[in-house]
Participant: 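Let me give you the structure first, and then I'll get to my questions.
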Amino acid sequence: MRLVLVLGDQLSPSLSALCKTDKATDVVVMAEVAGEATYVPHHPKKIAFTFMAMRKFADRLRADGWRVAYTKLDDPENTGSIAGELIRRAAEFNAVGIVYSEP
């Protein structure tokens, strides 16, 4: 089983990482993390709209049969970084690899 990283600017069902994986066995990882929202200044509405779009896309993936591990910004276990979330989810799902599309 592998993790499939989907970032907030990659919300497309034709994303190469999704096309290279198997929804029957792999787990999509999406996370709202402070590190991604604050590395450059963004308007608060842009951040809110991005998170809203991410949540809707995660729902769409679930409806299409994907298993999605989604971390909300206010999740008490949120590590605050993409790397931290991948490490946490790898341990949770006993993943053997990560698939991603270059940002």
Participant: Measure the CD-CG distance between Gln10 and Leu5 for me, rounded to the nearest 0.5 Å.
Facilitator: 6.5 Å
Participant: For Asp59, enumerate each residue passing the side-chain hydrogen bond (donor to acceptor under 3.5 Å, both in side chains) test, keeping only those at least two apart in sequence or located in another chain.
Facilitator: Arg62
Participant: With sequence neighbours excluded, tell me which residues meet side-chain contact (heavy atoms from CB on, under 4.5 Å) with Ala17.
Facilitator: Val4, Leu15, Val99, Ser101
Participant: If you look at every heavy atom in Arg89 and Tyr70, which pair is closest and at what distance?
Facilitator: NH2-O, 3.5 Å
Participant: Taking all heavy atoms of Cys19 and all of Pro13, pick out the closest pair and write down the distance.
Facilitator: SG-O, 4.4 Å
Participant: Under the rule for salt bridge (charged side-chain N to carboxylate O under 4.0 Å, His left out), what residues qualify as partners of Arg55, not counting sequence neighbours?
Facilitator: Glu32
Participant: What's the shortest heavy-atom distance between Ser12 and Leu18, and which atoms?
Facilitator: O-CD1, 3.6 Å
Participant: Mind checking what makes side-chain contact (heavy atoms from CB on, under 4.5 Å) contact with Asp22, not counting sequence neighbours?
Facilitator: Ala24, Thr25, Asp26
Participant: Might you point out which heavy atoms bring Thr21 and Trp66 nearest each other, and give the distance in Å?
Facilitator: OG1-CH2, 3.2 Å
Participant: Looking only at heavy atoms, which two atoms of Leu3 and Leu86 are closest? And how far apart?
Facilitator: CD1-O, 3.6 Å
Participant: Could you check whether any side-chain heavy atom of Met1 comes within less than 4.5 Å of a side-chain heavy atom of Val27, counting everything from C-beta outward?
Facilitator: yes
Participant: Mind checking what makes salt bridge (charged side-chain N to carboxylate O under 4.0 Å, His left out) contact with Glu102, not counting sequence neighbours?
Facilitator: none
Participant: Which heavy atom of Ala69 sits nearest to which heavy atom of Phe93, and what is that distance?
Facilitator: CB-CE1, 3.8 Å
Participant: Ignoring hydrogens and angles, tell me if any N or O in the side chain of Lys23 forms a donor-acceptor pair with the backbone of Asp64 under 3.5 Å.
Facilitator: yes
Participant: Taking side-chain hydrogen bond (donor to acceptor under 3.5 Å, both in side chains) as the definition, give me every residue that meets it alongside Arg88, ordered by chain and number, with sequence neighbours left out.
Facilitator: Thr71, Glu77, Glu85
